[in-house]
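Read the numbers this way: they start at 1 and go in the same order the structure lists the ligands and their atoms. What you see below is based on every heavy atom in this structure, not just the backbone, and it leaves out hydrogens, waters and symmetry mates. Note that the structure is predicted; figures quoted are calculated from it, not measured.
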Amino acid sequence: MQYLSTRSPQHRVLLGEAIAQGIAPDGGLFVPESFPHFVPHQFDGLTALPDIAERLIAPFAAGDPMIAGELKSICKAAFDFPVPIAPVSDAPAPMWVLELFHGPTSAFKDFGARFLAETLERIRRGAPRKLTILVATSGDTGGAVAAAFHNRPWVDVVVLYPKGLVSERQAQQLACWGGNVRTFAVHGTFDDCQRMVKEAFLDPAIAETHQLSSANSINVGRLLPQMVYYAYAGLELWRQNGRRANFIIPAGNLGNSLACIWARHAGLPIGEIVLATNANQTVTEYLRTGEWEPRPSVPTLASAMDVGNPSNMERLRALHPDFEELQSQIGASSVDDIEIRSTIRRDSHELGQVWCPHTATSAKVFRRLLARGVRGDWVIVSTAHPAKFNDIVEPQIGRKVEIPESLARLLSLPRQEKELEPTLQALRAQLQNP
Ligand SMILES: *Cc1c(COP(=O)(O)O)cnc(C)c1O
């Protein structure tokens, strides 16, 4: 299987190279040249997540000497936490919750980060230079990447986050690592952090001393593992009742949603896919009008979805160049902060479900679909544990959210971070004089 750039199909590489490069040399995003066509019975007898992962990802790694033979051990190491798909018994219609928050940092970003770390470790085996992973984060990615790469001797991690613009517990998860992880609270916005990362990659002085790599959500090494839980959940419900499950997915940069679309495209039993966005409406407007108009992001309670120019749309358009066909493949609906709060409150009382603010957008969209008379088996994709956003959730539900053990442990560690001015010079000085 080869990967080509969304912008120039001439440039082709194998999976390991696509993962190592992150972004194609022409600025495009890597996509597989073709998709496998699975039928459900090809997964017969497979129930454990690592086994489903191996079967699903194998054709995507085919021909890559560095990954294909290692896929079993990569999947075993990366998919080492549970993914419950739980029916909601008090729901007004058939409804399940796919809980993606049982990894080390309590959000779905752990899937991509852990698979990427295991894969890069095998690709880098014997490489002469240490790798420095530079990551700008709006909250969850940085923690997941730090956790996944912590204590691996072949790599250093540098995390940049906007000071004061992530939840208190997210900040703690970004800064509790030490060792080969250095965390910087930048006096600026997420856009400043992202700009500093981009500038660092182009800086000749940094290139002399550091071999930089990125772990951001456009790396194809994060999308493939995200397909796995959709395969897992889709197969689970297919085996139970012979029907295709429909998914409602909280969407920001569209990495999670695109993985579901790819899984369906690869033949997994998945029905409708509906994206739930917050007040950032680039995607919902595009699907309505056909005009792609990125805009500055607006801050919302579901901050990990505050994206005004979702980069994975480029991959979706590569898959469906015809707009009407693309439009027929997905739905999308936007949920504002007032609705996020009221959904957290209502579903806690009526369904006994406590959502994080991101997951609440999906739960709200489910209610909207029901009100429109839509039927079928629906899965709410839950992207983070509500305890990560206790300052938003607890006032709505009127009680404390229980903290999962893994999160409690991270919260008990000392915080190790430095503050940083939002400039390339400041970052370069830190990289060169630790
Ligand atoms: C990153 C994130 C999202 C958005 O996912 P995308 O892949 O960017 O669409 C949603 N919820 C949570 C909790 C996240 O961390």
Quiz prompt | Ligand-residue contact atoms, ligand 1 with A251, heavy atoms, under 4.0 Å | solution = 9 (O)
Quiz item: Under a 4.0 Å heavy-atom limit, does D140 contact ligand 1 with its side chain, its backbone, both, or neither?
Solution: side chain
Quiz item: Does the side-chain hydrogen bond (donor to acceptor under 3.5 Å, both in side chains) test come out yes or no for E99 and S382, once each step is laid out?
Solution: CA-CA 5 Å; E99 295 184 359; S382 182; over 6 Å; no
Quiz prompt | Side-chain donor or acceptor of R346 paired with backbone N/O of I344 under 3.5 Å | solution = no
Practice problem: Would you mind running through ligand 1 and noting each atom that sits below 4.0 Å from a heavy atom of G255? | Solution: 6 (P), 7 (O), 9 (O)
Quiz item: Can you tell me if E339 uses its side chain to pair, donor with acceptor, with the backbone of D336 under 3.5 Å?
Solution: yes
Quiz item: Less than 3.5 Å between some nitrogen or oxygen of C356 and one of ligand 1, yes or no?
Solution: no
Quiz item: Short list, please: which atoms of ligand 1 are under 4.0 Å from a heavy atom of N256?
Solution: 7 (O)
Quiz item: Can you check whether G252 has an N/O within less than 3.5 Å of an N/O in ligand 1?
Solution: yes
Exercise. Examine A384 against ligand 1 and note whether any of their N/O atoms are separated by less than 3.5 Å.
Key: no
Quiz item: When the ring planes of W378 and F366 are compared, do they come out parallel, tilted or perpendicular, using 30° and 60° as the limits?
Solution: tilted
Quiz prompt | atom 5 (O) of ligand 1: nearest protein contact (heavy atom, Å) | solution = F108 CZ, 3.4 Å
Self-check item: Polar atom proximity, S257 to ligand 1 (N or O, under 3.5 Å)
Solution: no
Exercise. Could you tell me how the ring of Y286 sits relative to the ring of W292: parallel (under 30°), tilted (30 to 60°) or perpendicular (over 60°)?
Key: perpendicular
Self-check item: Protein residue, atom and distance nearest to atom 14 (C) of ligand 1, heavy-atom basis
Solution: K109 NZ, 2.9 Å
Quiz item: How about R222 and N219: does a side-chain donor come under 3.5 Å of a side-chain acceptor?
Solution: no
Quiz item: Who's the nearest protein heavy-atom neighbour of atom 10 (C) of ligand 1, and how far?
Solution: M305 CG, 3.6 Å
Quiz item: Do the ring centers of F81 and F101 come within less than 6.0 Å of each other?
Solution: no
Quiz item: Any donor-acceptor pair under 3.5 Å linking the side chain of T284 with the backbone of A332?
Solution: no
Quiz prompt | For T383, the ligand 1 atoms whose distance to one of its heavy atoms is below 4.0 Å | solution = 10 (C), 11 (N), 12 (C), 13 (C)
Quiz item: Counting only heavy atoms not in Q211, do more than 12 sit closer than 6.0 Å to its CD atom?
Solution: yes
Quiz item: What protein heavy atom is closest to atom 8 (O) of ligand 1, reported as residue, atom name and distance in Å?
Solution: N253 N, 2.8 Å
